[in-house]
Amino acid sequence: MIALWSFKSFYYQERAIDLEIRAKLLAPEFSRLIQSNNYQDIQKKTVLLGNESLTRLTIILPSGKVLGDNKENPQKMNNHKNRPEIKQAMLVGKGLSIRYSNTIATDGMNFAMPLHAQGNIIGFIRTSTPLDTLQKALWSIYYKIAIGFIMLILMTIFASWWLSKSLVRPLEMIKVQAQRLAKGDFSSRVQLHSNDSLETEQLGQAFNEIAIELNQRIEIILNQRNEQEAVFSSMVEGVIAVDNNQKILRINQAAYKILKISAKNIEGNNLNTIIENKELRNLIAYALQQDSPVGQEIVVHSNADFEQVLFAQSAPLLDIYKNKCGTLVVFNDITKLKEFELQRKEFVANVSHELRTPLTAIQGFSETLIEFPDLAQEKRAYFIDVIHTHSIRLESIIENLLSLSKIEKETEIDEIDFINESITLAISNAIFLCKDKALKRNIKIILHNKEEIKFKHNSALIEQAIINLLNNAIKYSNGNSEITITVMKQNNDIKISVADQGSGIPEEHLTRLFERFYRVDKARSRQLGGTGLGLSIVKHIALAHKGTVTVSSEINKGSVFSLILPLKY
Ligand code: ADP
């Protein structure tokens, strides 16, 4: 618009100058004609010169009367004294006006200047030109500008569309993918196209790199979490993590089991509302105040015949700023360990006791023999016999202990040889070795073995187990009785039973019979040369074959000991 305005003003200026030049050129001629009062010629000249110069030409007297005009009859024209260009010319020597002209029925530019003679104004010459050519020129420019404007709009629309396609749409796409990423879909990627702008391509690539990096990191974190979760849940140790306010953060399955917690999903609950054991609660409260690990044995779930013992160890939990934010308590159920320890202590005490008895006897009687060399021959013979008996007893205790520990050790390291052969050989050998002892007491050993049973076993061990059972049956039977050995298949097992018609065993002893050195009647056992280890050896031989040993008994009627061993080991 500014250009248009400039153009219009330039055009007006040019036309004004043009009109002025024409007026100045024609002025002398008309001054001369007015001076000669040749009004007739003025009209003719006006028409002639005006038409030739393609200018509307008007000659006016100072009174305003029109003398000549090439476009109108001067007689019919109004007084022109008050025309603005004339008034201005009268005042300043030249006048210019742009106004609508009825004569030419359009806007026109009028230039007027006075005509002089001897210093006086004798008239005015006015040159006019219609401005419609300018309007036409301007309309043409308007038209072109409008076309240009429309073109510009169309180009802008196209450019916006193109921009949207090449810039906004990829950005939209990135936004959609970013939203997917934010929702946890780490597979989201921006599709890059060959026509994408460089910036879009770089942005898309940067986004994809972030997504890939995030995906990898999340995968690593998930894998680590799964691994930790697997370790955490498969641990046999109970683990509880609590925060500074004793709120349970994590607890594993083992802890649920060890502490016998029946409630589910207790994470988030206060420790004191979940864990009944006061000792453990106190330990956790104490551990929360410490900066270093704390360890303690704790007795939980104790009653008359059962006591569960835990070893709890705490470690401070630190947040990412290394500030203490709670404690982690790991506890092991050491009840079994404690039991083993107790058993071991009892065993050592028993062994010491069992060994001390014959040793004291041997020591005592041998010292008497040394101190009193003149003892009567009879007494000496008796003392020597006692020493001999106790040394045999000592030997059998040591032998039994050795064989027990050998069976245990070999079972543990899987060193026992198992051969698939008939059981008959082991049983007949055992009967053969015990036959004399039985005969001496008039006890008959009867074997019921309907079929030849072959299975994987260690013949020497089974023979020893049956010897031990037979020896007991002979020892604890009255004379003139029978011992029956029955061999049979039972489901997938072989069952070897040794039944006697002896004294029987009171029921309250049955569960403890297979413990080391356990005897119903210690004095009787010792008197009969027992060590208290025979049945314990039988039990371990059964265990070495992945089997069991059972007992049933009736007072004064007899006892039945059965070895039950799997046919397929
Ligand atoms: P011991 O050397 O004392 O016989 P064992 O371990 O072989 O030791 O047996 C443990 C105890 O079981 C014996 O002391 C005895 O009291 C009891 N016992 C074992 N077998 C029989 C049986 N057949 N009849 C009665 N009591 C038995």
Side-chain angles (χ1 to χ4, degrees), residues 177-189 205-301 308-335 337-338:
Q177 298 306 324
Q179 283 169 341
R180 278 180 61 195
L181 196 69
K183 281 182 187 155
D185 180 359
F186 297 103
S187 65
S188 66
R189 297 285 181 277
Q205 268 171 0
F207 176 88
N208 287 347
E209 277 165 23
I210 292 171
I212 290 167
E213 181 71 22
L214 259 176
N215 198 16
Q216 284 172 349
R217 287 191 186 198
I218 295 286
E219 261 177 29
I220 291 171
I221 291 170
L222 281 179
N223 283 341
Q224 282 176 347
R225 204 191 67 181
N226 289 346
E227 281 166 18
Q228 281 173 4
E229 201 56 48
V231 171
F232 191 64
S233 47
S234 63
M235 275 172 81
V236 284
E237 293 88 1
V239 181
I240 299 183
V242 292
D243 71 4
N244 287 333
N245 299 318
Q246 304 199 358
K247 195 170 84 179
I248 298 172
L249 300 173
R250 295 294 308 274
I251 179 164
N252 72 348
Q253 280 310 313
Y256 272 101
K257 213 170 134 194
I258 294 171
L259 298 173
K260 298 191 174 49
I261 299 170
S262 52
K264 299 260 174 283
N265 303 321
I266 58 167
E267 283 160 3
N269 288 10
N270 190 288
L271 180 87
N272 299 318
T273 60
I274 300 293
I275 293 177
E276 286 170 17
N277 187 271
K278 210 174 164 199
E279 258 189 282
L280 184 59
R281 290 204 314 246
N282 288 346
L283 172 78
I284 293 173
Y286 176 69
L288 279 171
Q289 293 162 6
Q290 308 303 312
D291 290 329
S292 46
V294 178
Q296 191 184 310
E297 266 184 26
I298 289 168
V299 177
V300 287
H301 307 296
Q308 187 183 9
V309 188
L310 306 181
F311 182 75
Q313 174 91 37
S314 81
L317 272 182
L318 303 179
D319 65 15
I320 51 168
Y321 307 109
K322 305 259 184 246
N323 294 324
K324 196 162 163 242
C325 61
T327 192
L328 184 87
V329 184
V330 179
F331 42 89
N332 287 307
D333 189 344
I334 54 165
T335 313
L337 219 67
K338 284 268 165 193

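Count residues from 1 along the sequence.
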Colleague: Locate the shortest heavy-atom distance separating Ala211 from Leu181; write the atom from each residue and the value.
Modeller: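 What the structure gives for the nearest pair is CB-CD1, 4.1 Å.
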Colleague: Please find the pair of heavy atoms, one from Glu237 and one from Val330, that lie closest to each other, and give the distance.
Modeller: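 Closest heavy-atom pair between Glu237 and Val330: CB-CG1, 3.7 Å.
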Colleague: Please tell me if the side chains of Phe311 and Leu337 come closer than 4.5 Å, counting only heavy atoms from C-beta onward.
Modeller: no
Colleague: Taking all non-hydrogen atoms of both residues, which atom of Asp243 and which atom of Asn245 are closest, and how far apart?
Modeller: OD1-N, 2.9 Å
Colleague: Looking at CG of Asn332 and CD of Gln313, how far apart are the two atoms once the value is rounded to the nearest 0.5 Å?
Modeller: 9.5 Å
Colleague: Just by distance, do the side chain of Lys324 and the backbone of Leu288 share a donor-acceptor pair under 3.5 Å?
Modeller: yes
Colleague: Work out which heavy atom in Ile258 is nearest to a heavy atom in Gly238; give both atom names and the distance.
Modeller: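 Scanning both residues completely, I find the closest heavy atoms to be CD1-N, 3.7 Å.
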Colleague: Please report the closest heavy-atom contact between Ser314 and Ala287, naming both atoms and the distance.
Modeller: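 Heavy atoms only, the tightest pair is OG-CB, 3.3 Å.
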Colleague: Between CD1 of Ile298 and CZ of Phe331, what distance do you get to the nearest 0.5 Å?
Modeller: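 Answer for the CD1-CZ pair, Ile298 versus Phe331, is 8.5 Å.
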Colleague: Distance check, rounded to the nearest 0.5 Å: Arg189 atom CZ versus Glu209 atom CD?
Modeller: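 Between Arg189 CZ and Glu209 CD, I get 11.0 Å after rounding to 0.5 Å.
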Colleague: Can you tell me if Gln177 and Arg180 form a side-chain donor-acceptor pair at under 3.5 Å?
Modeller: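 Side-chain D/A pair, Gln177 to Arg180: present.
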Colleague: Check for a donor-acceptor pair, side chain of Asn252 on one end and backbone N or O of Val231 on the other, with a separation under 3.5 Å.
Modeller: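 The answer is no, because no donor-acceptor pair under 3.5 Å joins these two groups.
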Colleague: Rounded to the nearest 0.5 Å, what's the gap from CG on Asn244 to NZ on Lys247? Could you check?
Modeller: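 The NZ atom of Lys247 is 11.0 Å from CG of Asn244, to the nearest 0.5 Å.
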Colleague: Of all the heavy-atom pairs spanning Asp333 and Val309, show the shortest one and how long it is.
Modeller: OD1-O, 3.2 Å
Colleague: What's the spacing between Ile212 CD1 and Gln216 CD if we round to 0.5 Å?
Modeller: 7.0 Å
Colleague: Check each of Leu280, Ile251, Val329, Val242 against Leu271 using the side chain to side chain contact (heavy atoms under 4.5 Å, CB included) test, and report the only one that passes.
Modeller: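 For Leu271, the side chain to side chain contact (heavy atoms under 4.5 Å, CB included) check succeeds only for Val242.
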Colleague: Check Ile240, Val294, Leu249, Ile284 against Thr327 for a side chain to side chain contact (heavy atoms under 4.5 Å, CB included) and give me the one that passes.
Modeller: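 Single side chain to side chain contact (heavy atoms under 4.5 Å, CB included) partner of Thr327 among Ile240, Val294, Leu249, Ile284: Ile284.
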Colleague: Using 0.5 Å steps for rounding, measure from the CD atom of Glu229 to the OG atom of Ser234.
Modeller: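 The distance works out to 10.0 Å.
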Colleague: Check whether Gln246 reaches the backbone of Arg281 with its side chain - one donor and one acceptor, N or O, closer than 3.5 Å.
Modeller: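 Flag not set: sc Gln246 to bb Arg281 has no pair under 3.5 Å.
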Colleague: Is it the case that the side chain of Asn277 and the backbone of Val299 share a donor-acceptor pair, with hydrogens and angles ignored and the cut-off at 3.5 Å?
Modeller: yes
Colleague: Is there a side-chain contact between Lys260 and Glu276 in this structure, where contact means two heavy atoms from C-beta onward sitting under 4.5 Å apart?
Modeller: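 SC-SC contact between Lys260 and Glu276 ruled out.
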